Every structure is written in structure tokens, then in C-alpha cells.
Amino acid sequence: MKNLFNLSSLSVEEITAILDRAQQFSEGAKSDAAKGKVVASLFFEPSTRTQNSYSMAVMRLGGQVITFNTAVSSMTKGETFYDTVKVFESLGCDAAIIRHSENEYYNQLKNIKMPILSGGDGTGNHPTQSLLDLLTIRQEFGKFEGLKVCIVGDIVHSRVAHTDIEVMKRFGMEVYTSGPDEFKEDGFNYIDFDTAVKEMDVLILLRIQHERLESEMVMSKEDYNKQFGLNAERLAAMKDHAIIMHPAPFNRGVEIDDECVECSKSRIFKQMSNGVFVRMAAVERALLD
Ligand code: CP
């Protein structure tokens, strides 16, 4: 059974194998690895991209998806997280895709026998987001070693930042962080944002995770945009070959201005397309094992 909880438990070779398979899918490879299988899509936190691209991946592999909505589920009658997941296993689902606000929620699911693929856990891990980030970077540059990447914004609350930083360092990238003091995290390589704009090969912008803040952001959205927002002037200062990425959803006029969202350096929508391919590789890996 091949769960996918995080990337830190996978070797560079295992991650490379997933990326290689995702690349094949991006070039038109077909698989019916999910034919006759039903996958439960259990999102206990909101999602647009991850949930629907996992569903698209399962369908592209010939399988079917059951979704559920916490607001109208029996959780409103007191059913627990574990018991809810156990229901879908008992119904005969072949795998489950789960997003939950609790870090390492999967530790509660040790008695579940079907494979579990994470759609993100709290502020901890977002393995398929980092896989699609890696795939997008490899498609652009053909390598990881020596590339300079800066992740900008709400580092402390971002499962994308935490997963990217760990895995990108292992792949030989020079990883930096930038953003307001209130979102800094100790131990990460901090760099001034305007220096990062000029020096990086890859800029990964993040949204402020307001849903995880204990109180209002100290900095106003206007000040954030002035100090850390990507605008036309900063775009012009980037290296010719540099690219912009964002896991999305993005907030126009805060971390990124309108004119940068679909500019020639933006790979934001490419990332979303790649999300289907890496999730096809992850689902195939889980179901074929
Ligand atoms: N990037 C990402 O995880 O987006 P969703 O929250 O829409 O899934």
C-alpha cells in the first residue's frame, strides 16, 4: 500500500520516479490504473485545485470519485474524523484523498487499510503541490541543482512553503524566504524581497493564510502590496529567464498585481495543469502497488 502523506519520507529517487511518470502523463501517456476503482475525496478544509485535480486524475485513470461535504455529513451529529474515514473504507472505496486542518492527521488513521493520499495537512505538508512545483521547475530549466528560489509571504502558516523548502534543498536548489517579520520562521534563509526579485530564478509567492491567523495581520494589505507585492516595476527587474509561481488561490492587488498574473513569466496556470499529471502519477502509484 503506497500512502502519500509527505515527501520527507520519500527518497530523491522515489520522488524523481513520480515526476518522470507525471511528465509522461503530460506528454499524453495513458493508464487505466483506476479502472473499476472508486476513490473517496474527503476534504475537511476548502479546496478548488487540489480536490478537483485529484478527481480529474482519478477519472483520467478510468476510475470514479465519491465526494462528501462536512456541512451536510453525519459529522454534524458527532461522528469523528476517524469514523468518517472508516465509513468510506467500509463502503468499499479503494483509496481516499484527504485534506484536514490538523498537522499529521494521518497518524489518527493507522487502522485504515485503504491507501491514503494527502491533499494537505494543517501547516505541515502539501506533497502533491510540491510535486507539481518541482515538475513545473524541471520543465522550465531541465534541472534543479543550483537554481535559486525564494518563497515569499506567510511562511509560518504555509504547508506549501514547509514542503517546498525541505524537498527543494534535497534536490540541490538554493532556497530563500522573504516576507513580513510576522510570518518569518527561524532557520530559513531570509532575503530582502527586492534583492530576491533581481537575483532569483524562481519566485514563489504565497497568499496570507488569514484562516490560520490568531488575530488580524499586523501589516495592512496596502502595505503588504507595497513592500512584498509583485508589480510591473518589480517584474521588469527580474532576470530574463526567471519565472513566477504561486500555489493559488492568489489575491490580486495584495501579493500579485493583475498585470503579473498571466504575464509571460507566470507559470501559475501551468502549475494547475501539472497538478493533474502529478496526481495521476500519485494515484496510479497508490492503486497499482
Ligand atoms: N494550491 C491549493 O492547494 O489550492 P486549493 O486550496 O484550491 O486546493
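As the structure lists them, so they are numbered: ligands from 1, and atoms in each ligand from 1. Computed from a predicted structure; not experimentally measured.
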Handout entry: Basic-acidic side-chain contact under 4.0 Å: D192, K198
Key = no
Problem - Short N-O contact, K86 and D83, less than 4.0 angstrom - result: no
Handout entry: Test salt bridge (Lys or Arg N to Asp or Glu O under 4.0 Å) applied to D121 and R159, step by step
Key = CA-CA 7 Å; D121 65 292; R159 54 190 168 219; over 6 Å; no
Fill in the blank from the handout: ligand 1 atoms nearer than 4.0 angstrom to some heavy atom of A248 are 1 (N), 2 (C), 4 (O)
Problem - salt_bridge(E166, R170) N-O dist < 4.0 Å - result: yes
Exercise for the section: Assess the pair F68 and F88: is the distance between their ring centroids shorter than 6.0 Å? Expected result: yes
Fill in the blank from the handout: the protein heavy atom lying closest to atom 4 (O) of ligand 1 turns out to be R49 NE, 3.0 Å
Completion exercise
In ligand 1, the atoms that come under 4.0 Å of a heavy atom of H126 are 2 (C), 3 (O)
Problem - P247 N/O to ligand 1 N/O under 3.5 Å - result: yes
Handout entry: Side-chain donor or acceptor of S73 paired with backbone N/O of T70 under 3.5 Å
Key = yes
Exercise for the section: Could you list which atoms of ligand 1 come closer than 4.0 Å to a heavy atom of T48? Expected result: 5 (P), 7 (O), 8 (O)
Problem - ligand 1 to S47 polar contact by distance, N or O atoms, under 3.5 Å - result: yes
Fill in the blank from the handout: the protein heavy atom lying closest to atom 6 (O) of ligand 1 turns out to be R99 NH1, 3.0 Å
